[in-house]
2 protein chains.
Amino acid sequence: TAAVARVSRGPAELLGRALFVRPDGSYEGGLGGRPERDRTAADEAGALLAEGRTGAFTLPEDPDLTVFVESSVPPPRMIVFGAVDFAAALARTGKFLGYHVTVCDARPVFATRLRFPEADEIVVDWPHRYLRQTETDARTVLCVLTHDAKFDVPLLEEALRLPVAFVGAMGSRRTHEDRTRRLREVGLTDRELARLRSPIGLDLGARTPEETALSIAAEIVAARRGGTGVPLTGSGTPIHREEGAGAHAAA
Amino acid sequence: TAAVARVSRGPAELLGRALFVRPDGSYEGGLGGRPERDRTAADEAGALLAEGRTGAFTLPEDPDLTVFVESSVPPPRMIVFGAVDFAAALARTGKFLGYHVTVCDARPVFATRLRFPEADEIVVDWPHRYLRQTETDARTVLCVLTHDAKFDVPLLEEALRLPVAFVGAMGSRRTHEDRTRRLREVGLTDRELARLRSPIGLDLGARTPEETALSIAAEIVAARRGGTGVPLTGSGTPIHREEGAGAHAAA
């Protein structure tokens, strides 16, 4: 993750000069002016980088100078725990939404490339052990499809304490209640438990693996974008919100 | 659309004998017994065919005879009107859900194979004219993304009078109100207008074309399966309902 901020318009001797900006705000290079200007430009570029955006800005003190920023941000991660039948459809939907998709299962006969041709990565490991050592961030979504307390409880114990975007787990009401009880027993707080989306997904009445995957992906989008899941018919809310334009209608 | 019903268990001399059954109940061939038995078997096979299902049955009078039925039903149609940017993502999601996807637009520069590599069919024609002459059925979904009264009004006038599964149209609240007024002017009744899903999609707060496509596909599934779209968290409703088993939990 880094951004390159380059002078794209301005005096000939400055054109093409660039800063290399890191997420922590540090930078290298220079735009050929005072160091304070580089610091201000690095801050502007850092703000775009934090949102994963590419764009341009001008500095208040130098209105003739345009700086173009290219942010390079790796795709967010979706980790699907449980190489169950649904998981292949979910991996496909995750790819469709732009996620880097990992499928993790402790059982080597299920976690195979043949069953998950569209996953970016297939990991044979105990879910909680894998989650403990892999990198996640505030955009990561964790989908727990294992349905088995032996895997779910140690996994969710880790997952619900990580600052990730989304933690969901599949299961019936009974599974959910049993799981919640076991998670309390291992010491999870109400606040930690409140982060768990369970049963995972929106109520679409899904029957097929594809419909189920869609209901999970729809919940992930709604959680990320602040949607409710109810039909837009009659609501007046536009289906498509322009990036940065708030509730702006597409038509 | 047809079913083949074949004796899969029973006396050696009957094994493999078959009926070819059409949706109207007519049939050819025979299972090698009395004509009444063929009639009963054709009825049973027709019932499976009507649901697009493959399965087996035994006849009450012949418990030793098992008849296996293979239904061959073409995939349902999704017709996307308007070769807009969203449409490619929607075509992909439609394919994912098993639809035969057609993209229709009057503008040849937009309705191209290059822009819609995953559509089954690309049609350059006026939407309402195309809809009038193409075959639809009770499983067909119509998605109107054109955003232009010139195309939308004559198209929706046709669409809302067809016995299809789903008619949705994109647009802001203002577009929707203007469109509703024009549709009333051309004579659509309240009951016909009530079938229109507009703005199309569930409220996921969608921003990207992929998220928008997902919100439309999710509404189509919810409409088909009777889902509400709200998160399953806390609702106790299982995300996955087994075919034919009602609200049966997956775990």
Side-chain angles (χ1 to χ4, degrees), chain A residues 86 89 92-93 96-98 147-148 168 170-176 196-243 247-251, chain B residues 86 89 92-93 96-98 147-148 168 170-176 196-243 247-251:
Chain A
F86 297 124
R92 233 180 119 185
T93 314
F96 177 70
L97 285 175
H147 274 313
D148 181 340
M170 190 167 263
S172 65
R173 184 204 288 266
R174 189 144 36 95
T175 303
H176 172 71
L196 178 61
R197 306 267 180 162
S198 168
I200 193 172
L202 299 186
D203 171 31
L204 305 183
R207 288 187 182 179
T208 69
E210 288 77 16
E211 291 170 355
T212 305
L214 203 72
S215 84
I216 296 172
E219 183 176 43
I220 289 168
V221 172
R224 179 177 181 194
R225 304 296 197 190
T228 60
V230 303
L232 287 165
T233 296
S235 75
T237 317
I239 179 178
H240 175 70
R241 289 177 201 157
E242 296 295 339
E243 197 79 45
H248 169 75
Chain B
F86 296 124
R92 233 179 118 186
T93 315
F96 177 69
L97 286 175
H147 273 313
D148 181 340
M170 190 168 263
S172 65
R173 184 203 289 265
R174 188 143 38 93
T175 303
H176 172 72
L196 178 59
R197 306 269 180 159
S198 168
I200 193 172
L202 299 186
D203 170 30
L204 305 184
R207 289 187 180 177
T208 69
E210 288 76 17
E211 291 171 355
T212 305
L214 203 72
S215 84
I216 297 172
E219 182 175 43
I220 290 168
V221 172
R224 178 177 182 196
R225 304 296 196 191
T228 59
V230 303
L232 288 165
T233 296
S235 76
T237 316
I239 181 179
H240 175 71
R241 292 176 199 157
E242 294 295 340
E243 197 79 45
H248 168 73

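A, B, ... follow the sequence lines: proteins, then strands. Residue 1 opens every chain.
- Within the 4.5 Å cutoff, side-chain heavy atoms of B:V230 are placed close to those of A:V230.
- If you measure heavy-atom distances from A:E211 to chain B, the contacts under 4.5 Å come from both the backbone and the side chain.
- Options B:G168, B:A222, B:G98, B:A217 differ in how many heavy-atom pairs under 4.5 Å they form with chain A, and the most are formed by B:A222.
- The closest donor-acceptor contact from the side chain of B:T233 to the backbone of A:S198 lies under 3.5 Å.
- Pairing each heavy atom of B:P231 with each of A:E219, the nearest pair is CB-OE2, 3.8 Å.
- Taking all atoms of both residues into account, the shortest heavy-atom contact from A:E210 to B:F96 is CG-O, 3.2 Å.
- Interface residue A:A89: backbone and side-chain heavy atoms are both found under 4.5 Å from chain B.
- Residues A:I200 and B:L232 fail the side-chain proximity criterion, which asks for heavy atoms closer than 4.5 Å.
- The part of B:L196 that comes within reach of chain A is its backbone (N, CA, C, O), which places non-hydrogen atoms under 4.5 angstrom from that chain.
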